[in-house]
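Read the structure below first, then the notes.
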Amino acid sequence: WIYTAQVAPGKLVEAMQHTKEMIEFSKKWEGVTSPQVFLQSFGEVGFIHTMADYEDLASFEKITQQALADPGYFQKLQEV
């Protein structure tokens with residue numbers, strides 16, 4: 001699974017900090033093991049890619065359900 005976000009000019013440091021906080025926050029959900037963050041170095045700049053491996057589609061769906069059931073998740077998203 002890969003999530004890509006385009007960062008507003010001048011907001012890269014804040015976006016990286018928020019991404020780090022979201023990754024730490026997501027580690028509490030059962031099944032989240034090793035999320036990673038990548039910055040795009042070539043081509044268009046200002047993109048952050050978050051990647052996570054899942055055993056199968058059922059694992060991905062389980063974690064998605066945990067996120068959607070967690071009110072704190074939506075609060076964190078509003079901090080962006």
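Computation of the quantities below employed the complete heavy-atom set of this structure, encompassing side-chain atoms and omitting hydrogens, waters and symmetry-equivalent molecules.
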Closest approach of Phe47 and His49, non-hydrogen atoms and distance?
CB-NE2, 4.0 Å
Of all heavy-atom pairs linking Ile63 and Glu30, the shortest is CG1-O, 3.4 Å
Just by modelled atom types, is the His18 backbone N or O under 3.5 Å from a matching donor or acceptor in the Glu79 side chain?
no
Quick one: do Trp29 and Leu77 end up in the same hydrophobic cluster if we chain Ile, Leu, Val, Met, Phe, Trp and Tyr together by side-chain heavy atoms under 4.5 Å apart?
yes
Identify whether Ile2 and Val45 are in the same connected component of the hydrophobic contact network (ILVMFWY, side-chain heavy atoms under 4.5 Å).
no
Are any of the side-chain heavy atoms of Gln66 and Val32 separated by less than 4.5 Å?
no
Surrounding CZ of Phe38 (heavy atoms of other residues, nucleotides or ligands, distance under 6.0 Å), is the total greater than 12?
yes
Which other residues end up in the same hydrophobic cluster as Ile48, if Ile, Leu, Val, Met, Phe, Trp and Tyr are linked when side-chain heavy atoms come under 4.5 Å apart?
Val7, Leu12, Met16, Ile23, Val37, Leu39
Which residues end up grouped with Phe42 if you chain together Ile, Leu, Val, Met, Phe, Trp and Tyr wherever their side-chain heavy atoms are less than 4.5 Å apart?
none
ring-ring contact (aromatic ring centres under 6.0 Å, His included) against Tyr54, all qualifying residues, sequence neighbours excluded:
Phe60
Say you draw a straight line from CD of Glu21 to CD of Gln17; how long is it, rounded to the nearest 0.5 Å?
4.5 Å
Would you check, one step at a time, whether the test side-chain contact (heavy atoms from CB on, under 4.5 Å) holds for Met22 with Thr50?
CA-CA 10 Å; Met22 287 298 293; Thr50 306; over 6 Å; no
